[in-house]
Enquirer: 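My questions will all concern the structure given below.
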Amino acid sequence: MTGFAAATRLVAEREIGVLVRTKGFWIGYAVTIIGLFAITVLPAVLDSGPPKVAAVGSDVATSLAGKDLDVRTVGDLATAQDLVRKEEVQAAIVRDPSPTGVRVIALYDPPRDVVTRLATAPPVDLLEAAAVSTGERQLVITVFALVFVLFAMGGAAIAQSTVTEKQTRIVEILVSTIPVRALLAGKIAAHTLLTLGQVVVLALVTPIAMRLGGQAQLLAVVQPALGWFIPFVVLGFVLLAGIWAVTGSLVSRQEDLGSSMGVVMILVMGPYILVQAFFDNAAALAVMSYVPFSAPVAMPVRMFAGQAHVWEALLSLGVLAGSVVVIVLLASRVYSGALLQTRGKVKLAKAWAHAD
Amino acid sequence: MLKVSSISRTFGDRWVLDNVSFDVRPGRMTGFLGANGAGKTTTMRIILGVLAAHGGTVTWNGSEDLPSFGYMPEERGLYPKMKVAEQITWLGRLHGLDRGRAKSNTDELLEQLELTERAGDRLETLSLGNQQRVQIAAALVHDPEVLVLDEPFSGLDPIAVETVLDVLRKRAANGAPVLFSSHQLGLVERLCDDVVIISRGVITASGSRDELRRNFGTPRFELVVGSDAGWLRDDPGVAVVDLDGPRAVFELRDGHSDQRVLQAAMARGEVRSFTPLVPTLGEIFKEAV
């Protein structure tokens, strides 16, 4: 007989071996990384600098000095209009008797970025300046939530591997060889390790991507939150992994997996939607940052927004770790009760009661 | 010796096994016979510890510490996407072998089962018969002390049956008790040293094959004489089962002696043969079930 630890290690070894040889695993991960680069680098690449305008007459050109515009001086209105029609410039600017002194000539729509650059804004003093704009905040929150959902959905591989074992009946050989809990522990350990690896790589790549995208300033704010994100994602993953395993153990065929996935899908998608919806509501976010299922997204977001202290993050992490222990223990009971029932769908209560 | 003592088991309020007891002796092939749903698989799962008994014990050489089992479940299954040799080696390690030993055992078994060429193929690419052989390898890779095989021959072609049989006989000859269930009576008859028959959760017969043959069924005799054997019908001590010209199969009524029938036949003329008939396992099975 193999001991618990050795059995767990062997199960984990096999799971990892199988998963890293799956094309889908690498494709999914590559898409995540490419997506990360896309949202950080692309805006900088696509940003073509200040809007181009044609100034009619050198006095107009002089009046535009100091504005964030790429000014090209032309001699007459016809040439300027021609440039606008050829879309070589966004707008032409001519002298005008109106109080603003200039008139803007554009092709289809009023060129908003040119107009705002021409306007004179009053000076603004912020009493408590936010380090990041609302837009940037929303973007970062979306990315955190999305990454967590991607990894959480990756837990589906645990459910699939469990169903495969049930469907092929190898589960009988496994259960007669090693403790059921070692089987569960091995699966959770394997997929958690893989997730940890992926998250760490992602966390290392993100600063690179952000620097490439010229977002060093935002990076300085994101980085600490990124550090918090890793333990939260990993613990959040273990929490869901136990539930994924139960999801798999309740059915006997891959085709039926969809029917038992409802609960775990709500637990994965619910926090994602809620955090996005309430990212501006500090009180709601505070509550969510302590609820184990939403904490992995909500707490790093609060850290990022400067809404939470370090002790809050540690406390939330503690709550999360505690619930991981409870959920995994509950899951292992249901899992071992359902594992050998290879006919149809197993009722949760029946699996719990070990009514084999 | 693996001893199953008074095992009972219910599913809900239905008794599936009731006071089941039998022995699986070392070095012997024990056939486990029973109709579908008689309780064979449940008994095997309890022996393996996969399922709990509701009363009774399973002991190995007098101790409740069970031996290492080589198990082949009735509904076969291995990882379809894993390579054959890799899979067997992994199972060997799961049973506690170190990597080197697991690998050498795997190679040896695949060779014996004529699967060496397919060692690097994924299981799902093999024919069903070959998958079955891999399943045998999976049950044997860790040199188990006891083999428990649920319907090991179903789905095998005759050549594969011989190959597998060879491997199993070797294990038995090396002293491992082998318990296997089957509904192919002819095969069991040819293979088994011992037979256990279960019917609706109750053991109805168990013992060595020859013992069962002696004890089961009313003794029958076959008599072949030179001329017509019709006169046997008039003998009050004889019940004729079958009569075909000079050949008759009969049973004896209470107290009648087979020698008296033989003397009577010789007094009437030539006797070509006079044989006690041994009941086949099929007949014993029908009677026991």
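Letters A, B, ... are given to chains in the order of the sequence lines, protein chains preceding strands, and every chain is numbered from 1. Every value quoted in this text rests on a predicted model; they were computed, and no experiment measured them.
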Enquirer: Considering only heavy atoms, which portion of B:Phe69 lies under 4.5 Å from any heavy atom of chain A: side chain, backbone, both, or neither?
Expert: neither
Enquirer: Side chain, backbone, both or neither: which part of B:Met72 has a heavy atom under 4.5 Å from chain A?
Expert: neither
Enquirer: With rounding to the nearest 0.5 angstrom, report the CD1 to CD distance, A:Ile170 to B:Gln87.
Expert: 5.0 Å
Enquirer: With rounding to the nearest 0.5 angstrom, report the CD to CG distance, A:Glu172 to B:Asp150.
Expert: 8.0 Å
Enquirer: Compare every heavy atom of A:Ile173 with every heavy atom of B:Leu78, then report the nearest pair and how far apart it is.
Expert: CD2-CD1, 4.3 Å
Enquirer: Going from CG on A:Leu10 to CH2 on B:Trp90, what distance comes out if it is rounded to the nearest 0.5 angstrom?
Expert: 7.0 Å
Enquirer: Indicate the atoms forming the closest heavy-atom contact of A:Arg169 with B:Pro73, along with that distance.
Expert: O-CG, 4.4 Å
Enquirer: Looking at A:Glu255, I want to see if its CD is surrounded by more than 12 non-hydrogen atoms of other residues, nucleotides or ligands under 6.0 Å.
Expert: yes
Enquirer: So if I apply the side chain to side chain contact (heavy atoms under 4.5 Å, CB included) rule between B:Val50 and each of A:Val180, A:Val175, A:Val171, A:Leu174, which one comes out positive?
Expert: A:Val175
Enquirer: Assess whether atom CD of B:Glu111 is packed by more than 12 heavy atoms of other residues, nucleotides or ligands within 6.0 Å.
Expert: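 No, not enclosed.
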Enquirer: Do other residues, nucleotides or ligands put more than 12 heavy atoms under 6.0 Å from B:Asp98 CG?
Expert: yes
Enquirer: Between B:Leu48 and A:Ser176, what is the shortest heavy-atom contact and its length?
Expert: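 Smallest heavy-atom distance, with atoms named: CB-CB, 4.3 Å.
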Enquirer: Measure the shortest side-chain to side-chain distance between B:Arg93 and A:Arg14 over non-hydrogen atoms and say whether it is less than 4.5 angstrom.
Expert: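 No, side chains not in contact.
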Enquirer: For the atom pair NZ (B:Lys81) and OG1 (A:Thr22), what is the distance rounded to the nearest 0.5 Å?
Expert: 9.5 Å
Enquirer: Could you look at B:Leu97 and say if it's the side chain, the backbone, both or neither that has a heavy atom under 4.5 Å from chain A?
Expert: neither
Enquirer: More than 12 heavy atoms of other residues, nucleotides or ligands under 6.0 Å from CG of A:Leu204: is that the case?
Expert: yes
